[in-house]
Amino acid sequence: AAHAASNVTLYGRFDIGYLKKSDTSLQQVSGGDVRLGLKGSEDLGNGMSATFQLEGRFDGDTGAKSSNRTFFDRESTVGIKGAFGHVRFGRSISAFEQGISYIDIGRRSSAHSVYNENYGVATRHSNAMFYNYSAGAFSGGFDVTTKGGYNDGVSTSEGNSGTKAGWGAFAKYKANGLEAGVAYQDDGVQTAKKIRKEWGIGVAYTFKPVTVGLSYAAGKDDVVGTQAKLKNYGGYIQAALTADDSLMAMYRREELKNKNTTTGIELSKEKITHYGLGYVHNLSKRTSVYTDIARIKKDTTGTTSSSSSYTSYDIGIRHYF
Amino acid sequence: AAHAASNVTLYGRFDIGYLKKSDTSLQQVSGGDVRLGLKGSEDLGNGMSATFQLEGRFDGDTGAKSSNRTFFDRESTVGIKGAFGHVRFGRSISAFEQGISYIDIGRRSSAHSVYNENYGVATRHSNAMFYNYSAGAFSGGFDVTTKGGYNDGVSTSEGNSGTKAGWGAFAKYKANGLEAGVAYQDDGVQTAKKIRKEWGIGVAYTFKPVTVGLSYAAGKDDVVGTQAKLKNYGGYIQAALTADDSLMAMYRREELKNKNTTTGIELSKEKITHYGLGYVHNLSKRTSVYTDIARIKKDTTGTTSSSSSYTSYDIGIRHYF
Amino acid sequence: AAHAASNVTLYGRFDIGYLKKSDTSLQQVSGGDVRLGLKGSEDLGNGMSATFQLEGRFDGDTGAKSSNRTFFDRESTVGIKGAFGHVRFGRSISAFEQGISYIDIGRRSSAHSVYNENYGVATRHSNAMFYNYSAGAFSGGFDVTTKGGYNDGVSTSEGNSGTKAGWGAFAKYKANGLEAGVAYQDDGVQTAKKIRKEWGIGVAYTFKPVTVGLSYAAGKDDVVGTQAKLKNYGGYIQAALTADDSLMAMYRREELKNKNTTTGIELSKEKITHYGLGYVHNLSKRTSVYTDIARIKKDTTGTTSSSSSYTSYDIGIRHYF
């Protein structure tokens with residue numbers, strides 16, 4: 001028991017809510033929103049320490065392990081930390097997410113949208129080495145996978161012939177109310193999330209009690225004969241009404257085009273626009289309640305053109321443990 | 001570590017035994033009988049607290065996650081507790097089980113029977129809101145799922161058209177050796193466990209060292225053209241021989257009929273009779289050993305009529321941690 | 001929380017590395033090398049205690065639960081410990097592994113080889129009772145499964161007709177630098193790992209700072225018309241260069257023959273030779289780094305004869321928590 005107390009910390013988050021989309025009946029939603037982790041460290045002397053962390057996600061509404069996810073899909077690393085930085089091995093958050101996702105606080109007002117994963121590249125890399133360093137207001141890092149080592153969920157193409165290594169790098173600055181980040185990432189694997197290569201920049205500034213943020217990301221992917229291009233930009237404003245209440249509004253737009261590289265003809269185009277409005281009230285240090293409204297519009301042009309839009313509302317509770 | 005110590009409690013139960021049925025060879029049995037959970041709470045002030053709990057079951061004889069069960073199939077909830085009661089969201093024990101299952105202590109002497117799940121409605125609801133309140137000797141509560149939100153194990157039909165919400169309510173009284181409960185439950189989903197709608201009542205009385213209990217439950221389910229009816233009743237007597245030894249005997253009978261609602265003709269009828277005799281010896285506060293004998297008789301009338309019966313014996317150990 | 005602190009210990013191991021085989025590209029390897037467990041005990045008085053342990057393996061490079069393994073595949077037992085010994089029920093390490101695997105420290109220098117599971121019988125038994133006893137320098141034990149109760153990973157044939165019980169026994173001696181063990185095991189199930197019945201002997205002697213070990217194992221399996229024979233022998237030498245550095249070298253050879261029992265004609269023969277060289281440096285009490293080189297040669301004679309060999313290199317980190 002002393003062993004457990006000294007070496008391992010159990011922690012997590014339980015987020016569950018109700019969602020009403022304009023085109024479906026009321027649902028209880030918590031897909032992937034329960035997180036459970038273990039972490040620990042050991043002093044190695046000379047200012048160094050060994051670290052490990054394992055974290056997975058679950059569906060709180062049914063108690064299920066989130067489908068198409070490895071058990072510890074959010075983090076599975078062991079590493080060494082010291083004055084030189086922190087190096088970890090395994091699966092963790094990739095550089096793009098580390099570099100500019102914090103700009104994306106509007107994601108909170110997502111009304112559990114299917115479009116809340118804004119960027120085209122992978123959120124996490126498997127079979128990778130992660131390096132992080134920070135000095136004062138500056139921080140940065142990179143990660144690199146083995147050839148084919150990035151896996152999106154469960155399967156991996158590591159060791160398959162023709163596969164490439166994935167990698168990414170980011171740099172951040174945070175001081176005096178200003179946060180800014182820049183990142184580049186190449187997932188290596190052709191069948192990546194939305195796009196294989198992407199760069200992005202984000203800036204947020206706080207003049208209390210208001211924070212304003214802007215981000216821009218662009219990516220492309222080349223397969224023999226076709227080229228995909230992704231553009232993603234957005235902004236948000238957040239206002240702390242009281243110490244425990246905050247209101248936020250966000251706008252985000254994504255454009256994904258595919259063209260024939262021989263003829264130059266555009267094959268398809270998808271435009272997604274996302275407006276969100278959110279409110280969070282803290283009940284305590286670890287527990288909050290929230291409500292969101294989101295409006296999503298999707299236009300697809302191509303062999304079959306279509307346009308759809310819906311409004312969704314949610315209300316929920318989030319508890320950290 | 002301080003974080004873990006203050007926020008999360010790890011707990012569980014390990015039950016494993018040997019079972020000999022008259023018609024099969026000796027088996028080691030622990031299907032679903034290992035339980036592992038995490039729970040915690042946070043003081044919110046004003047006599048309120050936030051709570052969370054995650055609990056799943058495993059097969060102790062092989063170490064496997066119990067099949068056709070979500071990972072945290074026994075409990076997956078977050079909620080708020082206060083003078084107003086306790087409200088939780090997610091997956092937990094449904095009202096029928098909360099209301100009268102404690103009457104069913106004869107279940108202990110089941111010799112790991114396949115017929116030990118006595119009631120026709122679901123033991124748990126997913127995608128639900130649970131409310132519990134207690135005042136002195138009285139307690140009660142209800143739960144309600146989203147439309148199609150109840151899932152029996154792994155799959156869910158939430159959001160499917162034509163689905164209905166499941167719900168249930170119960171009330172209990174416990175004082176001066178008397179325990180009594182009443183419950184009603186409607187699982188909403190047509191393809192529920194055995195029956196969709198059921199009500200039940202249970203009473204137990206202790207005049208030391210003897211406790212006697214009786215329960216009765218009845219349910220029905222209508223599908224176009226046919227109607228299923230379930231009747232379930234039983235009783236038990238338990239005697240505390242010493243502070244650490246108790247003996248119990250139980251009788252339970254279940255009758256499930258299906259009839260054609262147009263012609264009124266009975267299509268099938270199943271009668272299961274269950275006699276059990278059990279003995280438990282406590283080795284300590286958290287560890288006990290037990291042995292049971294059960295006799296099961298099953299008569300089926302319908303397109304193919306059959307009758308089968310068997311006797312089963314078990315011996316096992318149960319440890320709480 | 002007090003409950004958790006007093007009853008349950010969370011522990012584990014995180015091992016991850018890079019592997020380069022002469023015939024494939026560089027891989028990050030941690031298949032099954034992350035272990036996570038819970039254990040605890042309760043004082044029963046009279047020098048006795050109740051014990052439980054649950055332990056499973058994960059792939060650290062992706063965070064996945066290791067495939068074809070039950071969740072707690074390494075250990076899932078509850079038991080009673082006292083002056084009489086320790087009796088446990090469930091799934092645990094079988095007798096062969098308990099008896100002579102400690103002789104096989106050369107396994108450490110395996111360069112994550114597919115041939116590092118040296119013995120023919122199962123490493124673990126499910127649906128079993130395990131008994132262990134020790135007195136001074138001597139220790140020993142046995143285990144016995146139910147009929148068909150041994151399962152290799154996930155499935156079980158328990159209760160299937162014609163199945164047999166698996167069992168094994170071992171004895172060990174350890175004192176004055178000498179370690180010696182002998183074991184016999186019969187997995188019972190025909191479709192066991194490599195062979196159904198095997199016996200083995202191992203001896204290791206330490207004259208500081210050098211340890212030398214030798215082991216020999218032989219097994220056979222009879223199916224109607226054919227007989228398989230397995231022979232497995234090897235040795236190692238380990239030298240502690242400093243308190244935190246050790247070097248080891250190992251040699252291992254496995255011969256698996258199949259013959260027609262009617263005609264006496266040899267149907268197939270497989271010979272695997274394994275040379276390994278390993279180095280471990282302890283960074284602390286719980287963290288080490290290592291590197292290995294291994295050379296594997298495999299000759300197959302039979303309907304299709306073939307010969308293959310490869311060299312593999314690895315470098316990795318291992319952290320206990």
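Chain letters run A, B, ... following the sequence lines, proteins first and then strands; every chain starts at 1.
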Quick one: what part of [X] sits under 4.5 Å from any heavy atom of chain C, side chain, backbone, both or neither?
{"X": "A:Ala128", "result": "backbone"}
{"X": "A:Thr77", "result": "backbone"}
{"X": "A:Met129", "result": "both"}

> What part of C:Ser25 lies closer than 4.5 angstrom to a heavy atom of chain A: side chain, backbone, both or neither?
Replying inline: side chain

> Does A:Gly40 offer a backbone N or O that forms a donor-acceptor pair with the side chain of A:Thr9 under 3.5 Å?
Replying inline: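 Such a contact is absent between A:Thr9 side chain and A:Gly40 backbone.
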
> Is A:Asp187 reaching over with its side chain to a backbone N or O of A:Val121, donor-acceptor style, under 3.5 angstrom?
Replying inline: no

If you count heavy-atom pairs within less than 4.5 Å of chain A, which of [options] leads?
{"options": "C:Val34, C:Asp61, C:Leu26", "value": "C:Asp61"}
{"options": "C:Asp59, C:Leu283, C:Thr24", "value": "C:Leu283"}
{"options": "C:Gln28, C:Lys65, C:His319", "value": "C:Gln28"}

>> So which residue, A:Thr145, A:Leu38, A:Asp43, ends up with the most heavy-atom pairs under 4.5 Å with chain C?
In response: A:Leu38

> Taking A:Gly79, A:Gly90, A:Gly56, A:Gly45 one by one, which has the highest count of heavy-atom pairs under 4.5 Å against chain C?
Replying inline: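 Highest number of heavy-atom pairs under 4.5 Å: A:Gly90.
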
>> If the condition is side chain to side chain donor-acceptor pair (under 3.5 Å), which residues does A:Thr51 pass it with, not counting sequence neighbours?
In response: A:His86

> Mind checking what makes side chain to side chain donor-acceptor pair (under 3.5 Å) contact with A:Asp186, not counting sequence neighbours?
Replying inline: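 Partners of A:Asp186 by the side chain to side chain donor-acceptor pair (under 3.5 Å) criterion come out as none, since no residue qualifies.
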
> Under 30°, 30 to 60°, or over 60°: which ring-plane class applies to A:Phe52 and C:Phe14, parallel, tilted or perpendicular?
Replying inline: tilted

> How about C:Phe58 and C:Phe71: are their ring centres within less than 6.0 Å of each other?
Replying inline: yes

> Which of these, A:Tyr131, A:Phe96, A:Tyr184, A:Phe170, sits in a ring-ring contact (aromatic ring centres under 6.0 Å, His included) with A:Phe142?
Replying inline: A:Tyr131

